[in-house]
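Have a look at the structure below before the remarks.
Along the sequence shown, residues carry numbers from 1. Remember, it's a predicted structure, so these values are computed and weren't measured experimentally.
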Amino acid sequence: MKPTFLTIVFAALFILITSCKQEAKDLAPKKPNIVFIMSDDHAYQAISAYDDKLIRTPNIDRIAKEGMLFTNASVTNSICAPSRAVILTGKHSHINGKIDNISPFDTTNVTFPQLLQKAGYQTAMFGKLHFGNNPKGFDEFKILPGQGDYYNPRFITATGDTIVTGYVTDITTDLTLDWLQNRRDAEKPFMLMYLHKAPHRSWMPAPRHYKEFTKNTYPLPATLFDDYATRETTAGPAEMNILKHMTLRYDLKITDEVLEELNIEEHLGIGGLNKFNPEQRAEWDKVYGPINEAFKKEYGNMNDSTLMVWKYQRYMQDYLGTIAAVDENVGRVLDYLDNEGLTQNTIVIYTSDQGFYLGEHGWFDKRFMYNESFKTPLLIKWPNVITPGTTEDEMVQNLDFAQTFLEVAGVTAPEDMQGKSLVPLLKGEKEKWDRDAVYYHYYEYPAEHAVKRHYGIATKEFKLIHFYYDVDVWELYDRAKDPQELNNVFNDPDYAQVVSELKDKLNGLRKKYKDSDSLSNQYIQLYKDKGLIEE
C-alpha cells in the first residue's frame, strides 16, 4: 500500500518534533558533576594556599587559584567519624547520633548521596569513610575498614574484602581514576567522594617522600612551649602534648631494640610496620635505621626542651611527607578532569574532616574548639560560577556541605537538615548570606587525649566556650587581638558586655539547632551505661 499524503505529513512532523526535542535536550544545561575530596586531619597550616611556611601543595592550591578559598570554615565537632556523619547528613552530632568515634552511625539517617542517587546521579566512594561497611546511596564503593592501613591496605567492597599492594594514597587515587575512566556513565551526572586516609596518625609517608622529608627541618610554632596559663583546668589536662604524649615507637618510628637499649617503656607498637612486605620493610629500614641510630646516640644528652624539639621535627617530617602524596594524587584527578573535558561542568571541593595541631600549644591531634582544630581547610572551584582566585571569610561549616551539593544538583533539601547552602557565596551573592556565628559541641570524654566536653559559639570577632561535665568553666577569646588564643578574657570586666551578648546568642543557637543540657546529660548517661564513665 502506498503511503497517503497525510501519512507522509504526519511522519515528517514526527521526525521534526523528535529532532527538536533531541536538540533541546542537547542544548539543555547538564547538572554539574560533584567531586568531593577529603583528607583526614589535614591542617590548613599545611596547605600553601593558606600558609607556605611548612610545605608547598601546588595541586591543592590549584583549586583555590581556579576557585574560592574559605578562611573561616570550621567543623561542628572536631573528631573523625562524627565530622563525616555531619557531612553526610547535614545535621549536628546530637541530631544524627554520631557524637563520637565509639558509637555506631545510625543508618536510618538520610544522607545527601542517597538523595542525589535518587535524583539520577551516579555515585561512588573510594577511600576512608571511617564507619560502616555498606555506605548507603552509592552505586560503587571501596572503603577502608575503620582507620585503614598506609601500606597494603584492605578495602571493603559490596562483593567482599580485598587487599591491594602498595601505598594507600596512590591506591585510593588509582581506584578513583579507574572508576572515572571505565565505569562512569557518560549519560549521567556523577557525585564522587574521593577520601584519603592521610595524613592521619601514625603518619607513614610513601618511600619517595620519606627519603626526602626526613632530611627537612621546620620552623618551631610560637606556642610550642605553651604553659596553658588562664586555661589550666581545660587545656592543661589534655593528653596530646608532643613531649609527654607523642610516642617514640608508634608515632616517631623508634624501634623496640633502641627503646630497650635506652630503657624506655611504651605501650603502643610501631603503627603499620607489620603490614609491610619484605621489600617495603627493607626500603623503610634504609632511611629509618639511621634515624634510630642517631637518636640512640643523642638521647642521653637531651633535656625536655631538646627532646620536644626533636619530637616536633620528626612529627613534621612524617606528617608533611604523607601530605606530599595527597597533593600529587589530587593533581592526578584534576589532570584527568581537564584532559577528559569534564572540568567545565564539575564542582570540585577539597577539605579535611577537621583541622589539626602541628605543634601549636605543644599539641598534636584535634578535638578542641581552639582554632587549629576547629578551623578546617575548604577550597572549591566551579568554572563559570566561582570567580577564580576569590577569598571568602564568611562563617561556614561542614554542616553546610550536604545542602550545598543538593542545591548544586537541583534537589530540594529535607527540612530537617540544619546547614545552609554555600551556593550564594559561590556565586558572589554575599547579600543572601545572613549567618554571623557558628555552633560547636564536642562529646568524647572521658576518652583518648582527655579533652573535656565542651560547646561554644564563634563569630569572626570572638569565641565563647563552655566546658562541662567534670568542670564548669567558661572561656572567651578575642580572635582579632589574640589569634593564638592564649588569653582567656571571660572574667575581664572590659569584656562583660561581649560575654552577655554571646551567651544570649549561644542560647539562641542551641535552641535553633535543638541542643540542650538535658540532651547533653542523655549522652553522658549513655557513656555511663556503656561503662565508659564510672558512676
Side-chain angles (χ1 to χ4, degrees), residues 35-42 79-88 98 100-105 107 111 113 123-180 183 191-206 209 250-251 268-277 280 318-319 321-323 325-330 332-333 350-354 356 365-366 398 448:
V35 176
F36 179 72
I37 311 172
M38 183 165 70
S39 297
D40 194 311
D41 294 344
H42 192 170
I79 186 168
C80 298
S83 175
R84 294 158 194 268
V86 168
I87 288 168
L88 287 170
K98 186 62 177 164
D100 53 30
N101 278 339
I102 302 166
S103 58
F105 177 62
T107 57
T111 65
T123 57
M125 174 189 284
F126 301 101
K128 180 180 176 180
L129 174 60
H130 191 103
F131 56 82
N133 57 11
N134 189 14
K136 295 164 68 175
F138 292 94
D139 299 313
E140 183 176 334
F141 63 86
K142 286 186 176 66
I143 59 172
L144 298 165
Q147 295 292 357
D149 295 304
Y150 274 105
Y151 282 86
N152 309 326
R154 179 165 64 93
F155 284 87
I156 297 169
T157 76
T159 57
D161 292 6
T162 183
I163 293 177
V164 185
T165 300
Y167 185 65
V168 68
T169 306
D170 301 335
I171 294 168
T172 299
T173 308
D174 292 342
L175 296 172
T176 298
L177 293 174
D178 176 63
W179 180 83
L180 282 168
R183 289 182 303 289
M191 191 285 294
L192 170 65
M193 298 191 79
Y194 167 47
L195 311 175
H196 286 293
K197 170 184 171 59
H200 193 278
R201 192 182 185 189
S202 60
W203 316 302
M204 295 181 69
H209 293 126
Y250 180 76
D251 295 316
L268 291 177
I270 293 181
L273 292 196
N274 61 329
K275 299 296 181 179
F276 280 148
N277 61 36
Q280 291 165 338
D318 287 348
Y319 178 91
T322 67
I323 288 174
V326 172
D327 186 69
E328 286 177 352
N329 280 283
V330 167
R332 291 174 63 197
V333 171
Y350 186 89
T351 191
S352 172
D353 52 358
Q354 64 265 318
F356 212 68
D365 208 70
K366 56 260 183 179
N398 58 349
E448 183 180 12

Determine which pairs satisfy salt bridge (Lys or Arg N to Asp or Glu O under 4.0 Å) with at least one residue from residues 151-164, sequence neighbours left out, and list them in order.
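Residue pairs with at least one partner in residues 151-164: R154-D161.
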
According to ring pair (Phe, Tyr, Trp, His ring centres under 6.0 Å), who are the partners of [X], at least two apart in sequence or on a separate chain?
{"X": "H196", "answer": "Y194"}
{"X": "F131", "answer": "F105"}
{"X": "H200", "answer": "none"}

Residues two or more places apart in sequence or in another chain: which of them pass salt bridge (charged side-chain N to carboxylate O under 4.0 Å, His left out) with D318?
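Checked D318 against salt bridge (charged side-chain N to carboxylate O under 4.0 Å, His left out); matches are K253, R314.
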
Excluding sequence neighbours, so at least two apart, what forms side-chain contact (heavy atoms from CB on, under 4.5 Å) with [X]?
{"X": "D139", "value": "Q117, Q122, T123"}
{"X": "P135", "value": "M125, L129, F138, F141, I143"}
{"X": "N274", "value": "none"}
{"X": "T159", "value": "T157"}

Sequence neighbours left out, what passes side chain to side chain donor-acceptor pair (under 3.5 Å) with [X]? Give chain and number order.
{"X": "K128", "answer": "D40, Q147"}
{"X": "T322", "answer": "none"}
{"X": "R183", "answer": "E140, D178"}

